[in-house]
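Throughout, protein chains are lettered first and strands after them, A, B, ... in sequence-line order, and every chain is numbered starting at 1.
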Amino acid sequence: MARMKFYCDAERCIECNGCVTACKNENEVPWGVNRRRVVTIKDGVPGERSLSVACMHCSDAPCAAVCPVDCFYTTEDGVVLHDKDICIGCGYCFYACPFGAPQFPADGAFATRGKMDKCTFCAGGPKADNSAEEYRKYGSNRLAEGKLPLCAEMCSTKALLAGDADVLSEIYRKRIVYRAASSLQRGVSYQDATLRSPSGLTGRASSNE
Amino acid sequence: MIGDFIDGPLWYLSLTVFLLGVVWRLVAILRVGVAPDFSTARHGGAGGALRTLFTRSLPRRPVFTRGKVQLIAGYMFHLGLFALLFLAQPHVEFISERITGFGWVTLPHWGFILAAEVAFAGLLLLLLYRLMNPVTRLISDTGDYTASLLVFLVMLSGCLALAQAYEGLRLLHLLLAELLLIYFPFSTLMHAFTFAISRGYTGAAMARKGVNA
Amino acid sequence: MKLKKRSNEAKPQQLVPGNALTRREFLRSSGLMAGGTALGLGLHPAMMCRADATTSEPGTAQQIRTICTHCSVGCGIIAEVHNGVWTGQEPAFDHPFCRGAHCAKGASVREHGHGERRLKYPTKLVDGKWVRISWDEAINEVGDQLLKIRESSGPDSVYWLGSAKHNNEQAYLFRKLAAVWGTNNVDHQARICHSTTVAGVANTWGYGAMTNSYNDIHNSKSILIIGGNPAEAHPVSLQHVFKAKEENNAPLIVIDPRFTRTAAHANHYLRLRPGTDVPLIWGMLWHVFKNGWEDKEFISQRVYGMEEVKQEVMKWTPDEVERVTGVPENQVFAATKAMADNRPGTFIWCMGGTQHTIGNNNTRAYCAFQLALGNMGVAGGGTNIFRGHDNVQGATDFGVLSHTLPGYYGLAEGAWKHWAKVWDLDYDWLVARFDKESRPGEFFGEEGGTDKITNPMTLMGIPVSRWIDGVLEEKTNIAQRDNVKAMIFWGHAPNSQTRGVEMKKAMEQLETLIIIDPYPTASAVMHDRTDGVYLLPAATQFETYGSVTASNRSLQWRDRVIAPLFESLPDHTIMYKLAKKLGIEQELCKHIKVENDEPLIEDITREFNRGMWTIGYTGQSPERLKKHQQNWGTFDYTSLKAEGGPCDGDFYGMPWPCWGSAEMGHPGTPNLYDTSMPVAEGGLTFRARFGVERNGVNLLAEGSWSKGSEIRDGYPEFTAELLKKLGWWDDLTAEEQQSAEGKNWKTDLSGGIQRVAIKHGCAPFGNAKARTVVWTFPDPVPIHREPLYTSRRDLVEKYPTYEDRKSFYRLPTRYASIQAKDYSQEYPIILTSGRLVEYEGGGDETRSNPWLAELQQEMFVEMHPRDANNAGVKDGDDVWLEGPEGSRVKVKAMVTRRVGEGVAFMPFHFAGQFQGRDLRDKYPAGADPYVLGEACNTAMTYGYDSVTQMQETKASLCKISKA
Amino acid sequence: MYRPVSGTAILRLLQLLIVLALVVAGNLSAQTQAEGIQLPNPGTDLWREVRQRAQPATPGPTSPMRQAPGIDLWSEVQQTNPVPAGNTQVKSVDSGMLINPVGDQWRRFRMEMLVPYGGYVLGGALLLTLAFYLIRGRVPIHAGPSDKRLLRYTVYERMIHWFIAAIFLFLALTGLTMLFGRSLLIPLLGPEAFSLLASASKEGHNLFGPLFLLALALIFFRFVRRNIYQRGDLAWLLRGGGVIGSKHVPSNFFNMGEKSMFWMLVLVGGVTALSGIILVFPILGLGRELMALSHVAHGVTAMAMMVVIVGHIYIGSIGMEGALEGMATGYCDLNWAREHHDWWAEQCEQNGEVVSVEEAAGTEGFAQGAPKHAPLGETGK
C-alpha cells in the first residue's frame, strides 16, 4: 500500500501559516495545541528559510519505541497514530520525537499534561468509526474519504506536499531539475550582488520564447 | 454495573449513613447534658467557648518542645487535608454538583498538588509516630488504625486518579471515600465534629470560673 | 449527576472560546453507522471505511462555492454546510486563481461560522455602557440623528465611510446611497491603500488597475517586487511567482526597506531607505538608458514623454542614487540587468510604494520603468499591482470615493447626468439633495480653479484619510458649510489610519458615531465617549451573496454559505432600512426589487451593468457570473481562458473591461493594453484619455494597433460623431442609433457604440500612447521629494516637499511647513509599517479568530540590533515608541536584522490598546477580540499624497526607549 | 517545598552522569555517530531518495547546487551543530527547534540501555541476594541473644526511616511499572488495564517524588554526623565487611557499609529526586534536552539505588539476626551490638547505658525525649 509522507519544500515555504490554521480548521484543535507549526531559521537574514513541521509519520517511529504503554501503531498507509484511551500523557514521545510533534493540552505543571495530541495525517483515530467521539479526540479522517491532509492540500505555494512517498518524490524531483538550472545560471545574490547573469545579451532578451 | 452502584446508590447510602450517624452521635453527646454550675459566673460562657476553640488550635509551647514532629505533622496533615477536601477543584465541582448546588473558589492545580503533598507527608509521619511511640502504640486500637488506613487509602487513590482520565480510578477513589463516610460516625474520626463541643465546653466552663483556657 | 469526567482536551486558556459548533457531527454519525456494521462482517476496517466514505459521504452535506474575504487574490472556497451549519472547508483544487491553496487567513475562514466574538445585536452607548436595542430602534435613532444634522449643518456634515469588504452590489448601492443623500463625503479604504496607484496608473495609460493577473505571472521572465510583501499580504500569489521563478528561471528581485519573507526567496534583494522609490527606479532607468536597454520601438509607437523622463533620470547617477537611497551601484545594476535581460518582466508593487506624500510619483515612475523596457501590454509583463482587500478593486470601481462616481465618471455635471439617467432619477431632484446654501470658507474653491462658488455636488469630498480634519479643522477653513458631525463607519477599521491621538479627539467631537460592522472595531472603544455611539451588527460576506472583483479585475460570484448569524443583517439590507428611514428608499431602489427590506442583489448587478461603460462592467451579468463560478474548473491556470465547456472562450470572471452588453458575450480582458489579441477576444490598446495632441506632439499611437483592428494606427475614443465619420454609423441598429445619438462610448446606454467599435477590431476608448508626463499633476514628471518627517536633513534642500495647500479636497493641507522643522535629532529612527500574514487590515476580524490570534499574540516593533543596543533595549522588552507629533505606543521590541539600521517597523493590524492603556473592558461584552495591542498608526504622523490625499504610513520618524 | 532548581550545579552533575551513560551508549551507536545526529527517519525514505537525486553529478563545495539555499535544508539543519534555532509563531517548548538533537540519543539510552540492562542489573541483584542467602544463610548473633539491650534508634529516627522506606518502595514499584510494564505487564493485563495502572503509577510517582526529597532531607540532617567516615572504615572495607573471611570487623555506630549506603542515598538519591522534580515540571521553559538529561540521570541513579536497597533490605531483615530489631523497637541486643558495632557497644557499656529487656520495654516511652547515648562519630579505640 501507499506510504504516506509529508514533504515541505523550503524553497517555496513562505511561513504563511496556512497549514497551521488549516489543521485547526479541519480538526478543531484547541488553543495551545498545534499539530503543525512553521519553523523559520535564519529569521530576518539572508538564507532565511521556513519549514512546516508536524508528525512525519516515521517508518520506525521513535515515539512508538519509547511509549511506556505502547499506544502507537502504524496504519497500512504508513501513518503513525496513537490511541488516546491508552496514552497516559507521560511525555516520553515528546522527548524522543526529532520534530517536536507531540503536543500536550495542559499546562504541564506537575506533569499533568493530558493525553498527547499530534498530527494524524488526517486519518482519524484507532476506531476509525467516523464518530463524533473520534472526531473530538483525533480530528477528521480525510484519508477515509479519499482526501489528503488539509494542511498540505491548502498550502498557499504548494510547498507542503502530502501523499504517497513515490509521487511526492517525483514532484520534488521535477522541481529540483528546474532549480538546478536556475542556480547554475544565476545563483543567489541578496545584498552582495553578484553579476552572474549570463553575459553577452544586449538588451533584447528571451521575450519571445 | 458495579461502577453504577458505586456512583449511585452506594454514594447516597454512604452519605445518608454519614449524615444520620453524625447527627445521632452529636445528639447523643449533647443529650448527656451538663452538670449544673451553681457558682457565680465571672464571665459569660459563650465568649470563652469561642476563644478556647481558637486558642486550642494554636500550638502551645509545652507541646511544641515535647514533640515537634507530631505537632508539625499534625498541622500538615489537617491543613493539607482541609485544603484538599474543600478547595481542590474536582472536589468543589463534585460537592457543587452533588450536594450544595453551588461552588466556590478553588485552588490552582499546583496548590492542589502542594496540599496533597503536605497532607500525605503529615499522615504518613503521624501514622509512623503512632506505631513507633510506645505510648501512642499502647493506646491505639483497631479503630484508630482502620480510620488512618481508610483516610490514607482515600488519599492515595485520589492521587492515583489525578490525571482524571480513567473512570476506574475515579470509582476506586469514590468507593473508598464512601467506605470512609460510612465508617466515619462510628469512629474517632468524629473528632472532626466533637472537638468543637469539647473545647467549647471546656472554654465555657473555664470562662465562668474566670480562667483563660 | 456525575462527577464531571475531565476530558483531556486542552483546558483552553482564558482567551479561548468554549465549545464551538461541532463540525460534521451529523455526517459522522450518519455516515459511519455503515462502517460499524461492515466491521462486523469481518472486512478489513480500512478498506471498508474508504469504500463506505465514497458511497455515503455526499447527499446530506451541501457544497457551496464562495470566495475568500481576506485579500484581493480571490481564492475560491468550497464550504461544506450541513443543516445550515458550516461544517467543513475543502480546497477548491480547480479554482483558477488558487488551485485550492490558502494562507493562514483563507484556511481559517470557516471560523466565521463560529463567530464567537461577533457583534450579536444592535447596541448603543448610554452613559458609558453598551445597551442592547432592537433594529427598529437603532435605525430610527440613527436616522433621526442624521436628519437632524442634515437640517442644521447640511448633508455634507454626515460622512459615509464605506468599505472594500462590501461586495460589488453593496459598494455600488452604498455610493448611490451617499449620492441620493446628497454628499460627496463618501470614501473607503482604497483611499489609503492604492489611490495613488489608481491616480498614477490611470493617468499613464487609462485605467487604474492591475494590468495583468496573478496567473499571468507564469509567463514572466523576470519579476520585480517593490514595496510589497506578498508572502505575507498575498501569500497565494507567490504560488504564481514561484512557478515563474522555477519554471521560467525568472529572477525575482525584491526592493524593500525590510528583508521581508518575500525577500527571503528573492534572487536579488535591494534594501532602500523608506520613501526613496523614485530615485531608485530612476537609478535603474539610468542604467537602462546608459546601456541602451530601452525598447525603442515600443517607446516610439506607444509612449509619450519618455524624453522628459530621460532628462530627469539622467540626474540620478549611481552616486546620487546611493547617496539618497542607500543602495550601491552594483546592486542597482544587477537588478536592472536582470530585468533588461529577461523580458517580459512583471513589476509588482504594493503599499510600500503608494503610501507616501509622493505616492503618485512613485507609481508613475514604476510605470515609466515598465514602458521603457517595453513590458506593457504583453503577457508576462505589466504592472501587477496587488490590491489589498478582497473587493477593494470593486469598491474603487464603484466609486466609493469622494472624487468620483461609479465607473470613474468623475463628479462633473455630465457624470451626474449619466448616472441620473441610469438610475432613472430626475437630475434636478438629485441636485436638490445637495447643499445649496453652502457657506464656503474663505479658501473655498478647488485649487487651481476659480474662487467662484462651486456646487458641492461637483466638488471632491473629504477623503477618509482626512475625515478627522473635517471634524477638527476650523469651520472657516473647510470648503463646505459645516464640519463633519456624524461618522458612519461601515466596515472600516480606524486603526488603519494615521494620527490616532487626533482621531480620538475627532471621534469625541462628533455628534454621532455609527459603526456598522460584523465586529466592534477600534471605533467602538478608542474614544472616551459615553453616548451617541451606535454599533450595528452587519453580516459577513459569507452570510450574503454577490459579486466581488479580484485584483486582476475578474469578477467572481459568491454564494451564501450560511444565514446571517445572531441578529446581524446583510449590508444592503441595512442600507435599505436606513434609506427608508431617511425617506429616500424609492430613489435608491427604483428598479431594484426589494423583499423584506432586502434589495435583490441580481437587480443591483443588472443596474450597474447598465451604467458602467467606462471600465466595461457591463458584460458581467449575474447569469454569466454564476456560470463562471459553477464552471471555474474549466479555465486555464495560466491564461484564465475557458477551453470548452459552458464558458468556452471567456476569461475567468470576465476581467473588466468586459465590453458591451452581456448579450455581446465579450470574454473580458485578461491583460490590459495587449495588442496581440483582437479587442473582441480580450485585446486592447492604451486608452486615448488625454487628448489627441499636446504641444503639437501626437498623443495617439503610431504604428501600433490591436490585432484585427480596421484602423491601422492610433485613433481617438469613439463617439457618435466618429462612427459617422468612419461610416460605421449604420452598423448600429435603429434603437441603438436613437440611444447613441450625441453620446460617446461611455454614455451610450445601449452599448451600440462599443459594439460597433469592437466589431471593427477597435478599442472603444481609442488607441493612444501611454504618457509618462502627467501635465495635470503637481509633478508632471515624477521627481523625488523627501518625506515630511525625514531623517536626511541634508537632502531636504535639494529635494524639498510641496508648498502647503490652502484647499485640497476641501481641506488645508500641510507640506513644507512640517518639513521645515528638523525632528531628526530627537526622533532619529525611521518608522515604517506593514502587514502580517495572520491578520488583515485593522485586524478586528482576524484577531477575533482564535486560530489566527494564537499565532500573533503581541504587538511588536522590529528594530535593528544597533538601534536596540543604542536604546538599551533587548529582544522582548517593552518599549515606548514615540512619533514626532508626540503620540506614543507601548509595544514589545523584536530585535532583528530584518530591518536596516535606523529603521523600525510595526505591523498595523493591532488595536485595543491606546498609548499604554488597555481598552478591553470597553468592548461590548463578548465582542472583544482575543488579541489586543497598540495600533501602530497611533504613532504615525501627518502627511498626504499631493494628488489623492493618500496618507503617509511608510516613512515617518520615531524614537524608541525602554518602557 | 520545591526549591527552584539551581541551574548550573545540577546541570553539571547531570552532565557528568549523562557523559558516563553516553560513553557506554556511544559504543553501541558508534557507527551512527559519525553521520551526525542520526534521524530515525532521515526522512522517511522519501528524503533519502530525494536527496540522492538532488545530489549534483559532481558534488563539491563549488557546485552551484549547493548554493541554492534550502534545497537540502533538512540535511543542513541536521548536520549543523548546534542545531540552529528557528523562530515560529507557535509558542511552546522548543517549538523553534527543527530537529531535537538529543531525542534519538535519549531513545537509545532508554530502550537499548536502561530497559534491558536495568532489568538485568536489578534482576541480577535479586538473584545474587537470593544466592547469597542460600549460600551464606542468615548471619546469626554468634553469642546468642542476650537479655541486655542498647538504645539504638529514637522514635523520631525510626519514624523518618520508615517514612523514607515507605516512600521509596512506592516510588520504586510505580517507577518499575512504567519502565518495565510495557514488556512485562501488558501481556498479562492487556493494554487498557495496563494503561490505567500506568497512569495511576505515573500520578502516584509524580506526587510522591517530592516527598522523597523531604524524607531525604530529614534523614540527612539526623544521621549525617554518625556517617562521617572515620579511621577503621577503610579496614572494614578492605575486609569486605566481614564477608571475606569469617572474622568480624570492628566498627562504630554505623559501619563502613552503612555509611556508604547513607552517602549513596544522599548523593545518588538526591540526584534522583532533583532530576525527578525537573521531570515533573515539563513546561517551565525547560527544553527537551534538559528533560532528556534529567531522565537519564533519574533512570541511572534510581536503578543504582534500587540495587543497593535490595541489599540493604536483605541485610536489615532476613539477612542478619537482630538487625531489624533496632529499627523496629529502637533497642538492639547487646550481643548483636558487640558483634557488629563493637566500638559503639563498648562505649555504651562504659557509659552505663546498657538496659535490661524489661527496662527496654518499660523505658521505651521516654527514649524519644533525650537519648541517653551519644552516638557521635567519635573515633573508636
Legend entry - A:N17 versus chain D, the contacting section by heavy-atom distance below 4.5 Å: side chain

Inset, instruction - State, with a plain yes or no, whether a side-chain heavy atom of A:V38 is found less than 4.5 Å away from one of A:V53. - result: no

Legend entry - Pick from D:M178, D:H295, D:K91 with the largest number of heavy-atom pairs that fall under 4.5 Å of chain A: D:H295

Inset, instruction - State, yes or no, whether a side-chain contact exists between A:F104 and A:C93 at a heavy-atom distance under 4.5 Å. - result: yes

Legend entry - Best-contacting candidate, A:T40, A:V69, A:N34, against chain D by heavy atom pairs under 4.5 angstrom: A:T40

Inset, instruction - Scan side-chain atoms only and decide if D:S294 and D:S275 contain a donor-acceptor pair under the 3.5 Å cut-off. - result: no

Legend entry - Side-chain heavy-atom pair A:L51, A:C13 within 4.5 angstrom cut-off: no

Inset, instruction - Flag the one option from A:C71, A:A65, A:C87 with the top tally of heavy-atom pairs under 4.5 Å to chain D. - result: A:A65

Inset, instruction - State plainly whether the residues A:K147 and A:E153 are in salt-bridge range, i.e. N to O under 4.0 Å. - result: no

Inset, instruction - Go through the atoms of A:C67 and report whether side chain, backbone, both or neither lie under 4.5 Å from a heavy atom of chain D. - result: both

